[in-house]
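Note sheet for the following structure.
Heavy-atom basis, side chains included; hydrogens, waters and symmetry copies ignored. Every chain is numbered from 1, with letters handed out A, B, ... down the list of sequences.
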Amino acid sequence: MSEYVFEIKGLVKNFGKNEVLKGIDLSVKQGEVVSIIGASGSGKSTFLRCLNLLEQPTGGNILYHGECITDKSFNIRSYRTKVGMVFQQFNLFNNMTVLKNCMIGQQTVLKRSKEEAKANALKYLEKVGMAQFIDAKPRQLSGGQKQRVAIARSLAMDCEVILFDEPTSALDPEMVGEVLLVMKDLAESGLTMLVVTHEMQFAKDVSSRVIFMDNGVIAEDDKPEVIFDSPSNPRTREFLYRILNKDI
Amino acid sequence: MSFFEKIAYIWQKYSATLFSGVGTTILLALVGTLMGLLIGILIGIVRTLPPSKNKFVNGLMKVVNFILAIYIEVFRGTPMMVQAMVIFYGYAKLTGIMLPVIASGLVIVSINTGAYMAEIVRGGIISIDKGQFEGAQSIGMSHWQLMFHVIIPQVLRNILPSVSNEFVINIKDTSVLNVIYVTELFFMAKLTASDTNMVLETYVIVSVMYLAMTFTVTRLLRLVERLLEGKNNYTIHGSQSDPRAEIKVTKEA
């Protein structure tokens with residue numbers, strides 16, 4: 001066993017001839033909240049998707065508690081129950097109610113009984129403040145509500161890590177806050193989180209580490225204070241200047 | 001005899017014959033459409049399987065997909081009447097046994113409809129956004145689980161208008177099975193017409209019967225469509241001041 005949840009070594013991902021990830025090295029400890037920032041096209045989302053194997057890495061190693069997740073013998077499905085993912089577009093199941101959305105994975109993948117799955121789903125829907133809406137279908141919810149249900153769906157699998165892929169980018173501005181609040185709660189409860197985000201305030205306030213990705217590599221990896229107040233890489237400075245419209 | 005007297009005469013003497021034909025036609029169309037849909041769904045699931053890590057399985061998948069492509073092209077590309085002849089007489093020639101006509105009719109309609117349904121289902125699966133596949137994969141669901149619980153229920157609802165189309169087509173097109181002596185409505189009509197020598201009157205009655213069948217089927221499937229859509233209203237459990245309050249929301253947000 002390793003003290004790290006993730007150890008990523010030399011991760012490369014190509015789409016055809018297009019090199020998107022050019023060798024990523026990163027280790028993540030239990031309970032860390034890592035924000036990943038960077039311009040669009042820098043490979044942030046692709047990196048996150050490789051961690052969940054929604055994209056198959058072209059090269060390099062991803063170790064999860066010391067086990068290589070691209071090994072043939074590795075149980076991807078059981079791994080995915082431990083490493084949840086929250087998407088920009090929510091990706092809820094449109095044919096199911098809020099409650100069923102949070103139960104179906106437990107029943108089919110974890111083989112839990114209906115009662116057990118329901119109790120667990122309710123517990124986490126309560127936590128994200130969506131317990132009132134268990135009977136609603138996704139189409140009847142606002143974006144912020146959908147995203148909170150999506151978070152509960154991952155949590156209901158009793159996951160250890162959640163990967164957030166721009167969770168607030170598709171939301172109306174007034175709904176961003178409610179989702180970030182839930183995420184802040186989760187961060188404080190000790191869940192390991194990797195968050196690709198454009199919410200700089202969130203990255204600064206909530207994360208234990210911030211990673212700046214540029215052109216397929218990690219350009220800077222440090223504490224939020226350092227990244228936001230005195231970044232060492234000129235590219236980081238340039239990016240933050242463009243985003244925050246202020247000199248650092 | 002006037003036109004209407006002839007109609008009345010046929011109705012009196014031959015309605016039992018014609019209705020037995022109606023029964024066979026409905027049986028053929030219903031079983032054919034349902035079996036065809038089942039074939040279509042299975043093919044749809046198989047053809048959307050993600051590539052496997054195992055090279056042998058991948059190779060096998062390619063062969064299976066190739067066979068399925070041939071099946072679809074052949075059965076969509078030839079008339080059902082010709083398929084009926086080839087299968088019925090071909091089977092008899094190869095085995096020396098005549099297939100029971102109803103059974104061969106059911107098989108032919110099913111595999112013929114299956115070829116169309118495979119494409120209809122494929123279209124339905126493509127129309128579901130990729131995000132829901134990824135959402136299901138991200139919590140560890142297998143391809144069959146995500147298809148069965150998430151995708152196919154939505155596909156069924158979306159393709160119902162096309163399925164209804166196929167059903168109506170089957171009610172009418174099973175008439176070609178008279179060439180292998182399946183006693184469906186058209187076969188019975190030919191019998192009645194030659195018996196009575198009242199050709200026009202017989203086929204006027206028969207066309208009303210076909211119309212009654214197709215109309216009923218389209219209405220019934222519209223009803224099913226509305227049922228599958230599900231409720232638009234839902235209940236919010238608890239309000240800010242009262243945790244036991246129940247707020248009924250009757251309009252979509």
Side-chain angles (χ1 to χ4, degrees), chain A residues 49 52-56 70-110 122 131-142 145 150 153-154 156-157 159 162-163 165, chain B residues 50-58 124 127-158 160 227-253:
Chain A
R49 291 168 60 83
N52 202 301
L53 291 174
L54 286 174
E55 302 292 352
Q56 196 64 33
T70 46
D71 270 357
K72 267 190 182 162
S73 57
F74 187 77
N75 187 339
I76 295 174
R77 290 181 53 207
S78 125
Y79 164 73
R80 280 176 171 159
T81 66
K82 306 240 179 58
V83 179
M85 182 134 180
V86 170
F87 302 86
Q88 185 177 352
Q89 297 296 339
F90 328 121
N91 296 354
L92 293 177
F93 309 136
N94 291 332
N95 57 325
M96 298 176 194
T97 62
V98 164
L99 182 62
K100 200 89 217 295
N101 260 283
C102 298
M103 287 169 63
I104 189 74
Q106 301 183 63
Q107 289 175 281
T108 56
V109 185
L110 301 176
L122 282 173
Q132 295 181 320
F133 295 93
I134 50 172
D135 290 339
K137 289 272 182 73
R139 65 167 187 270
Q140 293 155 330
L141 301 177
S142 73
Q145 292 174 323
R153 178 175 69 181
S154 286
M157 305 298 286
C159 59
I162 295 190
L163 312 170
D165 187 7
Chain B
S52 164
K53 274 196 227 168
N54 187 324
K55 270 192 182 144
F56 174 74
V57 176
N58 258 347
S127 76
I128 305 289
D129 67 302
K130 224 178 108 221
Q132 291 190 60
F133 289 82
E134 293 189 343
Q137 283 167 1
S138 78
I139 54 172
M141 286 168 90
S142 69
H143 184 70
W144 291 90
Q145 285 171 342
L146 83 91
M147 277 295 175
F148 186 75
H149 292 285
V150 181
I151 307 300
I152 296 299
Q154 296 179 62
V155 167
L156 280 182
R157 198 210 144 304
N158 290 347
L160 210 60
L227 287 176
L228 280 182
E229 216 159 281
K231 287 178 288 185
N232 265 337
N233 40 354
Y234 65 103
T235 308
I236 297 176
H237 301 276
S239 72
Q240 283 182 326
S241 52
D242 179 4
R244 280 175 310 164
E246 290 201 342
I247 305 162
K248 305 246 186 271
V249 181
T250 46
K251 240 179 127 184
E252 265 183 58

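- Of the listed residues (A/Ile104, A/Thr97, A/Ile134, A/Asn94), the one with the most heavy-atom contacts under 4.5 Å to chain B is A/Asn94.
- Separating the NE2 atom in B/His149 from the OG1 atom in A/Thr108 is a distance of 5.5 Å, to the nearest 0.5 Å.
- In this structure, the portions of A/Met85 lying under 4.5 Å from any heavy atom of chain B include both its backbone and its side chain.
- Contact annotation for A/Phe93: both backbone and side-chain heavy atoms come within less than 4.5 Å of a heavy atom of chain B.
- With values rounded to the nearest 0.5 angstrom, A/Asp135 atom CG is found 10.0 Å from B/Ile236 atom CD1.
- Among A/Gln106, A/Gln88, A/Lys137, A/Arg153, the residue making the largest number of heavy-atom pairs under 4.5 Å with chain B is A/Arg153.
- For A/Val86, no part sits under 4.5 Å from any heavy atom of chain B, backbone or side chain.
- At least one side-chain heavy atom of A/Gln140 sits less than 4.5 Å from a side-chain heavy atom of B/Tyr234.
- Your options are A/Asn95, A/Leu53, A/Val83, and the one with the most heavy-atom pairs under 4.5 Å with chain B is A/Asn95.
- Within the 4.5 angstrom heavy-atom criterion, only side-chain atoms of A/Ile76, from C-beta onward, approach chain B.
- At a heavy-atom separation below 4.5 angstrom, chain A is approached by B/Glu134, B/Gly135, B/Ala136, B/Gln137, B/Ser138, B/Ile139, B/Gly140 within residues 133-140 of chain B.
- Here the side chains of A/Phe90 and B/Gln132 are not in contact, with every heavy-atom distance at 4.5 Å or above.
- For residues 81-92 of chain A, no pair satisfies salt bridge (charged side-chain N to carboxylate O under 4.0 Å, His left out), with sequence neighbours left out.
- For residues 72-81 of chain A, every residue pair satisfying the side-chain hydrogen bond (donor to acceptor under 3.5 Å, both in side chains) rule, not counting sequence neighbours, is listed here: A/Asn52-A/Arg80, A/Arg77-B/Gln145.
- Partners of A/Gln89 under the side chain to side chain contact (heavy atoms under 4.5 Å, CB included) rule, at least two apart in sequence or in another chain, are A/Asn91, A/Ala170.
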